[in-house]
Protein chains: 2
Amino acid sequence: MNGDHMNRPLTFIIADDHALVREGLKMLISTMDNMSVVAEAADGEALLAQVAKTRADLLILDLGMPGVAGIQFISDIRELVPRLKIVVLTANIEPRTVRAALEAGASGYLTKDGDPEELGEAIEAVRKGGTYLARTVRFAISEPSRNSRPSAAADILSPVPLTRREREILALVAQGLTAREIAERLGISPLTARKHRENLMGKLNLHSAAELTAYAVRLGLPTA
Amino acid sequence: MNGDHMNRPLTFIIADDHALVREGLKMLISTMDNMSVVAEAADGEALLAQVAKTRADLLILDLGMPGVAGIQFISDIRELVPRLKIVVLTANIEPRTVRAALEAGASGYLTKDGDPEELGEAIEAVRKGGTYLARTVRFAISEPSRNSRPSAAADILSPVPLTRREREILALVAQGLTAREIAERLGISPLTARKHRENLMGKLNLHSAAELTAYAVRLGLPTA
DNA sequence: GAAAACATACGACAGATGCCGTATTTGGAA
DNA sequence: TTCCAAATACGGCATCTGTCGTATGTTTTC
């Protein structure tokens, strides 16, 4: 047909714990030229297996999946398979998260409440080596400083690197566990668990377990 | 029998705040015979408008939508338009919620992580006047009493009616507000706010603000 | 009109939390 | 090797929370 390069189709891995969303994505992609979904995954473990097994070009990743402990997962995959581009698909529109995802190596950031057409635009942009941001979060990246209310929140709007342990703690807090219970679960001192939590709240500028919980849930951490 | 279903197509309203899920649903439905989606809505207000305007047969309702304050919404719509059957589509698999949805008048309960084929099965069952439960929640309705561990949870697994005020409090707790802040917000005594919260936790068998928050978020209440 | 449910309000007490420190060990980066 | 960040651990103190009471006015329902 065209005098372009080879017609090698662009291959996708779809990672989302909701079968319906996977189905929707597959159908959307199947309507596009020269694209094919070569793997699906409903949780982090399955995803890693698929990433290792297949040699896909693009991963569409739901940050809210079980076993996908947020942003860290992106860097991990980028490190494992650098050629695999990652487009994040999530309900989370926090500037913090958007920036963190990009810094971790995501090539695109789509939101679940966005226009489905954005998927095509994102794929196009990413294939060309660019980066794509959903319209709903495009503001997140521009002018991080110009805040109508330059509140205390301003200084943590920059991507906050959480340590692995802190992520672990965050997930447990999100499940409603008390410091003591977390300590038991992890086999550490309750005081240490408390300290981790304190550090978390400091980094995130949150001030109660409830706020932490809300944050964790919005991040897509499992809540039960 | 009625030869009713020969010509007239079954009409749908799809209510979900995620465009992608709506798209997936539309595509799935479009592959079925004699079915058509006549309206979509991304929030509660738009949904009510569509419900009033169109005369659809079946509503596929995401309980997690903004402006859809949970189960109550189902009874409201059932009351407004009794002929409109409702199939709930949500990520929430709590037995409590499943039962409450059915009691409120839902004809079906699908989960987002379920098999997409269930949608077809549900539609079929509901059209015949029956009720459909996703496989992932079918356990929820069977034998509420026979519990392997007859824990204290047993007696609140039945649908818990929350008062208006309690819902209000729940939403504020979910936002990470302290009892005092809630009191200020509502212009009542901090002690009263605490009492409401106690009652809530009692009804829901939860034991911390974090658990309450997680619950509220899963219910689809706004968290920020 | 009586009964029930709801919203309001207060108090006591144990325990947990939020916030402020300090300090040791360890593993990886400079 | 040196240095730093991370993970570990402890304590004090004011506050908040969870759980238990009790009580009164108002609204809804029967």
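Per chain, numbering begins at 1; letters A, B, ... match sequence-line order.
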Open item on the list: Would you compute the distance between atom CD1 of B/I182 and atom CG of B/L177 and round it to the nearest 0.5 angstrom?
Closed with: 5.5 Å
Open item on the list: Heavy-atom nearest nucleotide on DNA chain C for B/R164 versus A/R197: which residue maps closer to 5'?
Closed with: B/R164
TODO: With rounding to the nearest 0.5 Å, note down the distance linking CZ in B/F12 to OG1 in B/T54.
DONE: 12.5 Å
Open item on the list: At 10 degrees resolution, what angle do the end axes of the helix from C/dG1-D/dC30 to C/dA30-D/dT1 form when each is taken over five base pairs?
Closed with: 60°
- [ ] Grab the CG-P distance between A/L177 and C/dT17 for me, whole Å please.
- [x] 10 Å
Open item on the list: Without decimals, in angstroms, what is the distance between A/L191 CG and C/dC19 P?
Closed with: 16 Å
Task: Residue A/T192, side-chain heavy atoms: nucleotide from D/dT8, C/dA7, C/dT17 that is nearest - done: D/dT8
TODO: Identify which nucleotide among D/dT8, D/dT17, C/dA16 has an atom closest to any side-chain atom of A/T178, counting heavy atoms from C-beta outward.
DONE: C/dA16
- [ ] Round to the nearest Å and state the distance from A/I169 atom CD1 to C/dG18 atom C1'.
- [x] 16 Å
Open item on the list: Strictly below 4.0 Å: does B/R180 bring a side-chain N or O up to OP1 or OP2 of D/dC16?
Closed with: yes
- [ ] Could you grab the distance from atom CD of B/E118 to atom CG of A/L20, nearest 0.5 Å is fine?
- [x] 10.0 Å
- [ ] Find the distance between NZ (B/K85) and CD1 (B/I77) and round it off to the nearest 0.5 Å.
- [x] 15.0 Å
Task: Shortest non-hydrogen contact from A/R83 toward A/R55 - done: NH1-O, 3.3 Å
Task: Euclidean distance, atom CZ of residue A/R194 to atom C1' of D/dC13 [Å, nearest integer] - done: 10 Å
Open item on the list: Nearest 0.5 Å, please: how far is OG in A/S189 from NZ in A/K195?
Closed with: 11.5 Å
Open item on the list: Quick check for you: among C/dT8, D/dC16, D/dG12, whose closest atom lies nearest to any side-chain atom of B/R165?
Closed with: C/dT8
TODO: Take the protein atom CD1 of B/I182 and the nucleotide atom P of C/dA9, then report the distance between them rounded to whole Å.
DONE: 14 Å
Open item on the list: Between B/R197 and B/E166, does any NZ, NE, NH1 or NH2 come within less than 4.0 Å of an OD or OE carboxylate oxygen?
Closed with: no
Distances for protein N/O vs nucleotides 21-26 of chain C N/O pairs under 3.5 angstrom?
residue	atom	partner	partner atom	Å
C/dG21	O6	A/K195	NZ	3.0

- [ ] Decide, yes or no, whether a salt bridge links A/D57 with A/R127 under the criterion of side-chain N to carboxylate O below 4.0 Å.
- [x] no
Task: Separation of A/L58 CG from A/S107 OG (nearest 0.5 Å) - done: 7.5 Å
Open item on the list: Can a donor-acceptor pair be found, under 3.5 Å and without considering hydrogens, that links the side chain of B/E211 to the backbone of B/H207?
Closed with: yes
Task: Atom pair distance, as rounded to whole Å: CD in A/E181 and P in D/dG18 - done: 12 Å
TODO: Name the nucleic acid region contacted by A/I188, choosing base, sugar-phosphate or nothing; use a 4.0 angstrom heavy-atom cut-off, strictly under.
DONE: sugar-phosphate
TODO: Please tell me which of the listed nucleotides, D/dT17, C/dG18, D/dT19, lies nearest to the side chain of B/A179?
DONE: D/dT17
TODO: Name the closest nucleotide to the B/S189 side chain, picking from C/dC10, D/dT19, D/dA9.
DONE: C/dC10
Open item on the list: Rounded to whole Å, how long is the line connecting atom CG of B/L212 with atom P of D/dC16?
Closed with: 18 Å
Open item on the list: Measuring from the side chain of A/H196 (C-beta onward, heavy atoms only), which nucleotide among D/dG12, D/dA7, D/dG18 has the closest atom?
Closed with: D/dA7
Open item on the list: Without decimals, in angstroms, what is the distance between B/L186 CG and C/dC6 C1'?
Closed with: 15 Å
